[in-house]
Number of protein chains: 2
Amino acid sequence: MVTIKEIAEKCGVSITTVSRVLNNKGDSISDQTKERIFRVVEELNYVPNAVARSMVTKRTNNIALIVPDISNPFFADIAKGAEKTCVTNGFHLFLCNTDMDKEVENEYIRVLRKRLVDGMIITTQNNEEYDVIFEEMLDSNYPFVFIERYSDKLKNVPGVFASNIEGAYSITKHLIELGHKDIAFLTGPLVTSNAHYRLEGYRKALTDYKLPINPELIRNGNYKVDGGYKETKALLRKKIPFTALFASNDLMAFGAYQAAKEFGLQIPEQLSIVGFDNINMPGVIEPQITTMDIPAYDMAVKATTILLDLIEGQTPKESKVYYPLQFINKGSTAPITEVKRFA
Amino acid sequence: MVTIKEIAEKCGVSITTVSRVLNNKGDSISDQTKERIFRVVEELNYVPNAVARSMVTKRTNNIALIVPDISNPFFADIAKGAEKTCVTNGFHLFLCNTDMDKEVENEYIRVLRKRLVDGMIITTQNNEEYDVIFEEMLDSNYPFVFIERYSDKLKNVPGVFASNIEGAYSITKHLIELGHKDIAFLTGPLVTSNAHYRLEGYRKALTDYKLPINPELIRNGNYKVDGGYKETKALLRKKIPFTALFASNDLMAFGAYQAAKEFGLQIPEQLSIVGFDNINMPGVIEPQITTMDIPAYDMAVKATTILLDLIEGQTPKESKVYYPLQFINKGSTAPITEVKRFA
DNA sequence: CAGTAGAAGTAAAACGTTTTACTGGAAGGA
DNA sequence: TCCTTCCAGTAAAACGTTTTACTTCTACTG
C-alpha cells in the first residue's frame, strides 16, 4: 500500500502539505505544489487509509442500520430511507441483517460500537436480557436511535415509532364494523414491542365493542410468510370458527391467504383477512390485502436525521416521534352478512 | 471514551499487559493480574477501539457485499449466504445497497476500498466506464470477488457465476418444445453481463430451432416488477402477437403476470410465462411461475469463501466457479395447442 | 555457588493519518 | 533600514492499539 509519506517524498514536500491539499485545507499552498501532489497521487494510485484517518478525526462517516429481516419489504423501505438520508449528508450506510437472531444482533452491536461506525439505527427485536448493552451505550454517549423498538427501561433513547396500538385498534374496528365477531389474530414475535402493541390494539377494540377475547383465536407468529401460513393452517384445522383474520404484518397475511386458499376458502366472501405494514409486494394476489400503512421510508429518514444530529453533537429537535398510520382498503374484507361460513 | 491506557493505569500495569490479556495472548500473565484487568474493564465499561486496532493489525475482520437491489429476494438470499459464511469465520458483513445506481455503487467501492473492510463481494451491475477502479484494485492487490458480474477486461478477478446462457437456452427450449414460436423476451438492464447472457441464451435457442428473432418482441426491462409490468403492457397494447413470454428474472415475470391478468389473459392457457432466479416470494399467484433455479445461497457461500481465502493471502482453490441452473416447472406454461389466441 | 530457565511483565516503536503550533523568507510600508 | 504581514510550508504530537524485543526476579540444576 502506498502511503501519504511516499507521496510526500516523491513530491519533495512534507506530509502535512499533502494531507492539507488532499483535504482541501490548502489555503496557503501554491497551485504548482497542489498540482504536483495531485499528479503523483494519481500516478501512484494512492488511496488514503480511512482507518488511520478515523483514528485521528474520531469519525468514520459511516452509520449502521440493524434490521431483523431484510427480505421483508418493510425493512427494505426503511433501508432506502436511511440510505438516502445518509448519502445526502455525506454518510454511508452499512446494513446489518440479523435474521431475527438475538445473538447475531448483539454481536453486531458489540462490534459496531467499537467505533467502526459513528452511530447506529436499530430496528425492532427487543431482547430485554441484552438491554444492558444499550444502557452502557447510553452511559458512554454512543449515538444510537431506535425504530419501532420500545423499552420502558430505555426511555431516554431517541426513537421513531408507529402508532401501533391505534393502528391495530382501527383495523380491528373495521372488521368489527363489518359485523365480524370471531376475529383470529396472528401476533408477531413477542420479543418485539410492536408485536405487543398490535395485540393490545386488537384486544382493546374487542373489549371496547364488548366482544369476547378468545385466546384460542390468538396465535403466535413470526412476522414471516411461513408463520402466517402455519398458524392459519393450524387454526383452520382446529375448526374453531372465525370469519376474519388479522395478521400482525402483511407477510403473515400472505401466508394466511395462502393457507385459506388451500382450504378452499373464498376471500373475502368466506374469510376476511387484514394485514399490517402496507408493504409493496409484487405478489399478484386478488384481492390484495387490506392493511395499515406505516410510513416506513419517512420514519427511516427521520430516524437517520436524529442520529446524524446526535453524531454532530447537537440535540435533535425531536427525539421521539410517533407516526400515525393509515387504513388502506384493498378489498380483502367483506361484511359478515355475505359470509358463507365454512364448516 | 475510556482507553486501554486508563485501564492500565487503574490496574497498575503496562498497556502491553492489558492488551495481551484482552487478546488472550497472556500466556505469561498471572491469573490475579488477568482477573484484576477484567474487573476494571468491566467496571469502566471499556470497549477497545476497533479503528486503532485495525490500524496496527491491518485487519478489520469486516467485509462488504454490494448489491444492486436488496428488495429482490435473489439478493436477499445472496446476503444470507454471505452473512452465514462470514459469521462462521469470525467476520462481519456489511450490506451496501446501490439501488441500481452506478454512482452509488462506485461511491461505495471507493469508500470501502480505503481499508474500511478487508475485502468486498460485488454483485452484478456492470459499468464499463468504471472498470478502471477494479483494475486499480487488482493492481493494488485489494481483495474482491464478483458474483454474476463478468467483464472481459477483468478476467483475473475471481468470481462465481450462474450458467446464464445455458439456463436461458434451456427454458426457451422448453417453450419452443411446447410449440411456441412467438416468444416475447424482457431483458434485464443491459449494463449487467447476466442480462446479456440470458438474452444470448434466448437468441441461441430460437436460432437453433430455426425460429425467427423478432426484435419487436424483445424489450428492455430493469429486473424489477414495475419494469416487467410496463414492458408487458406495452407489448400487449401493440398487439404484436405472442403466445409466450420469457422475463429475464422472476420479479419482472410477476409484473408481466399482473399486466397479462389486467388484460384479461388466462395463464397459462392464453399466455405462457417463465421467469428466472426461482426467488422465494410470498406472492400467492396461481399458477406460480416456471423458472430457472439459481443456487444463490450456495454461490454466495462460495464467493465469500474465495474472498476470505484471498484476505488470508491464500490462493483460493477455485477462483472462477460456474453454477449450473435447474429448470423448475411451476405450471405457468402450456402447449400452444391449448392457446386461445388473444386478439 | 554460578548458571540457566522460566515467569511476569515492560518500554518503545509502529500503524497512517490530521492538526497544532511553528519557521523562513519575501514583500510592503514607514 | 527596520518592522510587519503574508505566503508557503514544516516538525512533531496525537489518535489507541499491537507487537517486538527486552528486563527483572525467582527458582532450580549441577
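Letters go in sequence order (proteins before strands), and every chain restarts at 1.
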Using atom [atom1] of [X] as one end and atom [atom2] of [N] as the other, report the distance to the nearest whole Å.
| X | N | atom1 | atom2 | value |
| --- | --- | --- | --- | --- |
| Leu116(A) | dG16(D) | CG | P | 15 Å |
| Gln32(B) | dA8(C) | CD | P | 9 Å |
| Ile29(A) | dT18(C) | CD1 | P | 13 Å |
| Lys5(B) | dA12(C) | NZ | P | 13 Å |
| Lys25(B) | dT17(D) | NZ | C1' | 12 Å |
| Ile4(B) | dC15(D) | CD1 | P | 15 Å |
| Met55(B) | dT18(D) | CE | C1' | 10 Å |
| Arg59(A) | dG16(C) | CZ | C1' | 20 Å |

query: How about Phe74(B) and Tyr223(B): are their ring centroids closer than 6.0 Å?
result: no
query: Looking at the rings of Phe134(A) and Phe144(A), which for Trp means the six-membered one, are their centres under 6.0 Å apart?
result: yes
message: Has Asp99(A) got a side-chain atom pairing as donor or acceptor with Asp101(A)'s backbone, closer than 3.5 angstrom?
response: no
Under 3.5 Å, is there an N or O donor on one side and an acceptor on the other linking the side chain of [X] and the base of [N]?
| X | N | value |
| --- | --- | --- |
| Ser30(B) | dA7(C) | no |
| Thr17(A) | dA8(D) | no |
| Thr16(B) | dT19(D) | yes |
| Arg115(A) | dT17(D) | no |

- request: Decide yes or no for Leu116(B) and Thr60(B): does some side-chain heavy atom of the first lie under 4.5 Å from some side-chain heavy atom of the second?
  value: no
What's the closest nucleotide to the side chain of [X] if the choices are [options]?
| X | options | answer |
| --- | --- | --- |
| Val13(B) | dG16(C), dT17(D), dT10(C) | dT10(C) |
| Ser14(A) | dT10(C), dA11(D), dG16(D) | dA11(D) |
| Arg53(A) | dT18(C), dG16(C), dT10(D) | dT18(C) |
| Thr57(B) | dT18(D), dG16(D), dT17(D) | dT18(D) |

- prompt: Has Gln32(B) got more than 12 heavy atoms of other residues, nucleotides or ligands less than 6.0 Å from its CD?
  reply: no
So, OP1 or OP2 of [N]: does either fall under 4.0 Å of a side-chain N or O from [X]?
| X | N | result |
| --- | --- | --- |
| Ser19(B) | dT18(D) | yes |
| Asn23(A) | dT18(C) | yes |
| Thr33(A) | dG9(D) | yes |
| Lys34(A) | dA8(D) | no |

message: Any salt bridge linking Lys155(B) with Glu135(B)? Criterion: basic side-chain nitrogen under 4.0 Å from a carboxylate oxygen.
response: no
- request: For Val56(B) and for Ser28(B), locate the closest nucleotide of DNA chain C by heavy-atom distance; then report the residue assigned to the nucleotide nearer the 5' terminus.
  value: Ser28(B)
statement: When Ala52(B) and Arg20(B) are each assigned the nearest nucleotide of DNA chain C, the 5'-most assignment goes to Arg20(B)
- prompt: What is the nucleic acid contact for Val51(B), judged by heavy atoms within less than 4.0 Å: base, sugar-phosphate only, or nothing?
  reply: nothing
